[in-house]
Amino acid sequence: MEIKGFVPTSLVDWDGKVVSVIFVSGCNFRCGYCSNKDLVLHPENLKSIELKYILEYLGNNKEFIDGVVISGGEPTLYSETVKLCEEIKKLGFKIKLDTNGSNPEILKEFFLDKNLVDYVAMDIKTNFEKYKELTNSDIDVEKIKKSIFIVSQFPEYEFRITLSPSIKKEDLLGIANYLRENKVNKSFFLHQFSTESCINEEFEKMKPYSKDQILEFHELIKNLFDKSGIRNM
């Protein structure tokens with residue numbers, strides 16, 4: 001595992017908290033709309049950041065940092081992420097983990113059972129029937145379903161979806177109804193799609209959904225969840 005990005009202070013990565021954000025490189029998905037192209041495909045082009053520097057920063061700024069977000073890439077690909085969480089916990093910080101849900105066993109055994117993570121945000125990419133096509137991977141969607149259940153057992157959690165032009169109303173409703181039917185409908189957020197630095201350059205030519213269209217999407221699903229919203233719009 002290599003740390004390729006560090007945001008010392010963020011107000012937008014964990015609702016209601018001032019956090020630092022750590023980005024690890026590498027991902028097992030190749031979602032065309034992903035805007036972290038270099039982090040996923042060319043991490044060698046990015047400067048590595050020493051963990052020692054991050055831990056020193058966190059230790060020196062406890063008075064105004066509420067927690068740490070570990071993102072990527074995909075953090076659950078690496079055993080070192082567990083050690084990273086342990087070091088952060090020693091400093092007394094809460095931890096939020098961003099994940100694509102492709103490694104349910106890792107989520108349970110190394111993060112849930114060890115009480116290392118306080119909040120999990122899991123990206124649900126699309127309707128299950130379209131998962132392999134959208135992620136350009138051979139992912140077993142049963143693993144995604146298993147992760148959804150595991151994520152719902154963390155102290156706090158949310159599911160979220162990026163509204164790329166490949167996501168249609170029926171896809172969104174399919175996901176929302178699945179979460180509702182399986183009683184894992186605590187919170188669900190819609191994220192605006194960005195045309196910058198996409199893994200598949202064809203997505204950079206696509207027109208994002210308008211504000212009115214995204215509001216319409218939200219109207220379709222908001223009553224299915226205890227909490228829902230729109231981000232990055």
Exercise for review: Find the distance between OG1 (Thr135) and CG (Asn100) and round it off to the nearest 0.5 Å.
Suggested key: 8.5 Å

Check your understanding: Does Lys108 pair with Asp113 as a salt bridge, N-O distance under 4.0 Å?
Key -> yes

Check your understanding: Which is it for Gln192 and Tyr209 under the side chain to side chain donor-acceptor pair (under 3.5 Å) test, yes or no, and what are the steps along the way?
Key -> CA-CA 8 Å; Gln192 174 61 293; Tyr209 285 116; over 6 Å; no

Exercise for review: Considering only NZ, NE, NH1 and NH2 on the basic side and carboxylate oxygens on the acidic side, decide whether Lys90 and Glu87 come within less than 4.0 Å.
Suggested key: yes

Check your understanding: Are Ser194 and Glu196 linked by a side-chain donor-acceptor pair shorter than 3.5 Å?
Key -> no

Review point. Mind checking whether Tyr131 and Phe128 have parallel, tilted or perpendicular rings, split at 30° and 60°?
Key: parallel

**Study point:** Shortest non-hydrogen contact from Pro104 toward Lys143
**Key:** CG-O, 3.7 Å

Check your understanding: Is it the case that more than 12 heavy atoms not belonging to Phe149 sit under 6.0 Å from its CZ atom?
Key -> no

Exercise for review: Measure from the ring center of Phe188 to the ring center of Phe159 and say whether it is less than 6.0 Å.
Suggested key: no

Point to revise | Over-ring placement of Arg160 relative to Phe189, 6.0 Å and 45° cut-offs | key: no

Check your understanding: Shortest non-hydrogen contact from Ser147 to Gly101?
Key -> OG-O, 2.6 Å

Point to revise | Within one Ile-Leu-Val-Met-Phe-Trp-Tyr cluster: Val40 and Val7, side-chain cutoff 4.5 Å | key: no

